[in-house]
*Asks:* 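Here's a structure for you.
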Amino acid sequence: NMLKKKYFITGLASMIIMASIAVMPMNVQAAENAKEYSSKEKISFEIRDSKDLAILSRELDRFIAQKPNSTEKEQEKHLISFMENGGLNNQVSPRSVGDYLPGVNNLNPAERKLAAKHLVQAVKVYNAGKQAESKTIEVYGKNGWLDNSDAFRHCLWNALMKQSIGVSAAEQWATAHEYDSRGLDRTMDLYNNRVGRSINVSGRSLSSIVSLVKYKVRYGSCRRVVNGALVPTDGTGM
């Protein structure tokens with residue numbers, strides 16, 4: 001009887017082990033399916049372009065007006081809820097001057113990845129880009145490419161980002177923005193981005209920061225491209 005009991009227990013244990021082995025792949029598959037479903041959910045709420053950021057910017061302003069003492073975490077939670085409820089699909093946002101991060105309307109993969117992780121930052125970066133574009137037009141009458149106005153715009157954008165989200169995050173966003181750029185264009189932008197982040201923006205007004213950026217451009221601290229070469233900026237066009 002003892003021997004039979006021993007065999008029974010051993011057999012039962014074997015059956016349990018075999019059953020668990022059989023279930024394991026199903027559990028792994030279930031986990032993979034859940035992961036895939038989660039990814040699809042994220043994709044459906046993806047921030048695609050400046051139009052989305054414009055909508056989120058207005059929604060964040062509305063939320064902060066209602067809850068001025070809200071934390072960034074609370075603001076982020078609200079924006080996620082807003083997107084989950086189809087907020088990006090239910091509104092129309094007209095394009096306007098500066099209605100994008102400098103240089104593009106659609107966000108590149110690196111910018112989309114950052115935006116998914118840092119929604120409130122994405123809105124602040126967008127707003128800094130709008131201000132930089134608008135001020136560049138005020139100063140130069142245009143938003144040019146590879147010229148002094150281009151240098152001014154990138155320098156100002158980074159200075160404003162530094163003020164609103166800090167120097168480290170500003171560098172992340174500015175570098176992500178250059179995901180698709182190459183050659184002298186990329187070198188020039190990264191250079192002018194660094195100059196903008198080097199400016200002391202603590203407690204300064206927008207007009208004060210604009211004046212500091214003007215100085216940097218006028219006296220050759222920034223870079224532009226002339227005849228295929230990277231050269232110091234100057235006061236031309238200002």
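This one's a predicted model, so the numbers in the text were calculated from it and none came from an experiment. Along the sequence shown, the residues carry numbers beginning at 1.
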*Asks:* Do side-chain atoms of D52 reach the backbone of R48 as a donor and acceptor pair under 3.5 angstrom?
*Replies:* yes
*Asks:* Side chains of H118 and E72: does their closest heavy-atom pair fall under 4.5 Å?
*Replies:* no
*Asks:* I need the E74 CD to I64 CD1 distance, nearest 0.5 Å.
*Replies:* 11.0 Å
*Asks:* Considering non-hydrogen atoms only, spot the tightest contact between K214 and V139 and give its length.
*Replies:* CE-CG2, 3.6 Å
*Asks:* Taking atom OH of Y191 as the centre, report whether more than 12 heavy atoms of other residues, nucleotides or ligands fall under 6.0 Å from it.
*Replies:*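 Result for OH/Y191: enclosed.
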*Asks:* Going through the distances and angles, do D150 and R153 end up as a salt bridge (Lys or Arg N to Asp or Glu O under 4.0 Å)?
*Replies:* CA-CA 5 Å; D150 190 354; R153 183 176 65 252; 3.0 Å; yes
*Asks:* Short question: side chain of Q121, backbone of L114 - any donor-acceptor pair under 3.5 Å?
*Replies:* no
*Asks:* Measuring from K135:NZ to S149:OG, what's the distance to the nearest 0.5 Å?
*Replies:*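 Here the rounded value is 16.0 Å.
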*Asks:* Below 4.5 Å, heavy atoms only, C-beta onward: do L79 and E59 meet side chain to side chain?
*Replies:*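 When only atoms from C-beta onward are counted, E59 and L79 do touch, with a gap below 4.5 Å.
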*Asks:* What is the distance from atom OG1 of T136 to atom CD of Q131, rounded to the nearest 0.5 Å?
*Replies:* 11.0 Å
*Asks:* Can the ring centres of H177 and W157 be said to be less than 6.0 Å apart?
*Replies:* yes
*Asks:* With heavy-atom distances below 4.5 Å as the criterion, would you say the side chains of E111 and I47 are in contact?
*Replies:* no
*Asks:* Can you name the nearest heavy-atom pair linking P232 to R223, along with the distance?
*Replies:*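 Result for this residue pair: CA-NH1, 3.7 Å.
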*Asks:* Any sub-3.5 Å donor-acceptor pair from R224's side-chain atoms to N148's backbone N or O?
*Replies:* no
